[in-house]
Amino acid sequence: MTPDDLKKTAEIIARARSVISLTGAGISVESGIPPFRGKGSLWETIDPMEFAHIESFLKNPERVWRGFLAGMKDLLDRARPNQGHLGLVALEEMGRLSTIITQNIDGLHQLAGSSDVIEFHGNFAWQRCMTCDTLIPSSDIDLSVLPPRCDCGGLLRPDCVFFGEMIPDLSLSRSRALASTCDVMIVVGTSAVVQPAAMMPVIAKNSGAVVIEVNPEPTPLTHSVSDHFLRGTAGRVLSALVEEIRKILD
């Protein structure tokens with residue numbers, strides 16, 4: 001990422017009419033949450049089909065809670081937003097970002113202060129009763145007995161999308177509509193291999209938007225879809241971008 005790259009992308013964002021962002025696991029790495037794919041990822045240590053598929057959960061919820069979900073809860077309970085999340089909040093406060101589409105389930109965008117977040121895969125910050133549909137904050141769940149249960153006796157599950165489940169229709173339709181009407185999309189920390197999220201930058205590009213990618217390494221988007229590639233961690237790049245945009249707007 002050169003100063004010239006930073007200045008060009010800052011000017012594009014500062015002058016844009018409608019800016020949205022697509023974020024993936026990479027933005028939360030600096031909060032201590034490992035990505036699901038790639039080097040050092042969660043799926044290197046556990047089999048997602050064995051511990052993150054809805055059929056596995058329904059067949060043996062205790063095993064899935066012990067082997068994966070309890071550890072994930074502990075990890076997310078301790079995680080806090082980093083400079084990447086806060087950079088997107090700053091862009092919203094400057095009127096330069098309207099909506100975040102995220103693949104993440106950690107709830108860190110909302111915790112940082114982002115007001116409009118579309119969660120493709122739900123949110124692990126809440127547990128949902130499979131009997132009465134009550135939502136309970138994950139931080140309030142007692143894991144001394146597994147699997148945890150609601151006061152009604154129903155089984156609790158994370159309010160997120162397991163493998164084998166569909167992305168909520170409203171999240172998908174709204175994301176497509178925003179991607180097709182924005183004039184800038186900032187893509188941050190996504191591997192760009194998981195569908196249908198990976199199609200959002202393509203939709204934006206085909207609709208005439210400028211795609212700005214922030215990632216530490218190139219992705220399938222970098223040379224075919226992205227107009228500008230800012231190489232680096234989300235926290236470092238977004239912090240620098242925010243400062244450059246402030247100079248322009250001031």
Side-chain angles (χ1 to χ4, degrees), residues 18-29 31 33-38 41-43 48-49 51-54 57 68-69 72-73 75-76 79 81 84-85 88-89 91-92 97-128 135 138 157-182 184-207 209 211-215 219-221 225-226 234 238:
S18 174
V19 183
I20 66 172
S21 181
L22 170 69
T23 67
I27 197 171
S28 295
V29 168
S31 294
I33 302 173
F36 286 89
R37 288 172 174 80
S41 67
L42 287 169
W43 299 155
M49 294 300 102
F51 288 100
H53 196 284
I54 186 59
F57 180 80
F68 175 49
L69 297 182
M72 178 63 70
K73 176 188 175 318
L75 184 67
L76 299 186
H85 301 101
L88 294 180
V89 173
L91 290 180
E92 180 183 340
L97 180 69
S98 62
T99 303
I100 296 171
I101 303 166
T102 189
Q103 299 168 264
N104 299 340
I105 61 171
D106 50 44
L108 292 180
H109 285 303
Q110 294 93 324
L111 192 59
S114 293
S115 62
D116 187 16
V117 182
I118 300 173
E119 295 173 311
F120 259 18
H121 301 142
N123 193 323
F124 205 106
W126 296 90
Q127 301 291 322
R128 179 164 53 85
L135 285 173
S138 289
R157 56 157 289 173
D159 194 37
C160 56
V161 178
F162 281 85
F163 283 98
E165 293 186 307
M166 298 294 291
I167 289 171
D169 288 340
L170 181 59
S171 296
L172 186 55
S173 61
R174 186 165 178 243
S175 296
R176 283 174 171 161
L178 288 168
S180 64
T181 55
C182 71
V184 175
M185 176 180 282
I186 307 172
V187 179
V188 186
T190 177
S191 62
V193 296
V194 179
Q195 297 293 353
M199 278 303 297
M200 297 304 116
V202 178
I203 292 171
K205 176 81 169 183
N206 290 343
S207 300
V211 177
I212 298 169
E213 181 183 0
V214 178
N215 263 317
T219 72
L221 296 176
V225 175
S226 300
L238 289 176

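Bear in mind that the values here come from a model prediction, so they are computed numbers and not experimental data. Position 1 is the first residue of the sequence, and the numbers go up from there.
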Asks: Tell me if a side-chain donor or acceptor on Asn104 pairs with a main-chain N or O of Ala25 at a distance below 3.5 Å.
Replies: yes

Asks: I want to check something: taking the side chain as every heavy atom from C-beta on, are Asp159 and Asn123 in contact at a cut-off of under 4.5 Å?
Replies: no

Asks: Does the side chain of Ile167 reach to within under 4.5 Å of the side chain of Pro196, using non-hydrogen atoms?
Replies: yes

Asks: Measure the spacing between CG of Leu178 and OG of Ser207 and express it to the nearest 0.5 Å.
Replies: 11.5 Å

Asks: Under 4.5 Å between any side-chain heavy atoms of His85 and Ser31, yes or no?
Replies: yes

Asks: Counting distance only, does the side-chain N/O of Glu92 pair as donor-acceptor with the main-chain N or O of Ser115 below 3.5 Å?
Replies: yes

Asks: Given the rule in the side-chain contact (heavy atoms from CB on, under 4.5 Å) test, do Ile100 and Leu88 qualify, once you have shown the distances and angles that lead to the verdict?
Replies: CA-CA 8 Å; Ile100 296 171; Leu88 294 180; 3.9 Å; yes

Asks: Which heavy-atom pair separates Thr219 from Ala192 by the least distance, and what is that distance?
Replies: OG1-CB, 4.1 Å

Asks: Can you find a heavy atom in the side chain of Ile20 that is under 4.5 Å from one in the side chain of Ser98?
Replies: yes

Asks: I would like to know whether Ile33 and Leu108 meet side-chain contact (heavy atoms from CB on, under 4.5 Å); could you show each step before the answer?
Replies: CA-CA 11 Å; Ile33 302 173; Leu108 292 180; 3.9 Å; yes

Asks: Mind checking side chain to side chain donor-acceptor pair (under 3.5 Å) for Thr23 and listing every partner two or more places apart, or none if nothing turns up?
Replies: Thr102, His109

Asks: Please name the pair of heavy atoms, one in Pro201 and one in Val187, separated by the smallest distance, quoted to 0.1 Å.
Replies: CG-CG2, 3.8 Å

Asks: Could you tell me the separation between the CD1 atom of Ile27 and the CG atom of Asn215, rounded to the nearest 0.5 Å?
Replies: 10.0 Å

Asks: Taking all non-hydrogen atoms of both residues, which atom of Pro168 and which atom of Val161 are closest, and how far apart?
Replies: CD-CG2, 4.1 Å

Asks: Does anything in residues 169-181 pair up under side chain to side chain donor-acceptor pair (under 3.5 Å), and if so which pairs, sequence neighbours excluded?
Replies: Asp116-Arg174

Asks: With the side chain counted from C-beta on, respond yes when Ser21 and Met185 share a heavy-atom pair under 4.5 Å apart, and no when they do not.
Replies: no

Asks: Roughly how far apart are Glu165 CD and His53 NE2, rounded to 0.5 Å?
Replies: 9.0 Å

Asks: Within this structure, what is the CG-SG distance for the pair Leu76 and Cys160, rounded to the nearest 0.5 Å?
Replies: 9.0 Å

Asks: If you take all heavy atoms of Ala209 and Val184, which pair is closest and at what distance?
Replies: CB-N, 4.1 Å

Asks: Taking all non-hydrogen atoms of both residues into account, name the closest pair between Glu213 and Ser226 and its distance.
Replies: OE1-OG, 2.8 Å

Asks: Considering non-hydrogen atoms only, spot the tightest contact between Phe162 and Ile54 and give its length.
Replies: CB-N, 3.7 Å

Asks: Applying ring pair (Phe, Tyr, Trp, His ring centres under 6.0 Å), can you list everything that pairs with Phe124, at least two apart in sequence or on another chain?
Replies: none

Asks: Please lay out, stage by stage, how Val202 and Lys205 fare under the test side-chain contact (heavy atoms from CB on, under 4.5 Å).
Replies: CA-CA 5 Å; Val202 178; Lys205 176 81 169 183; 5.7 Å; no

Asks: Kindly determine whether Leu172 and Met200 satisfy side-chain contact (heavy atoms from CB on, under 4.5 Å), including the steps that lead there.
Replies: CA-CA 10 Å; Leu172 186 55; Met200 297 304 116; 4.3 Å; yes

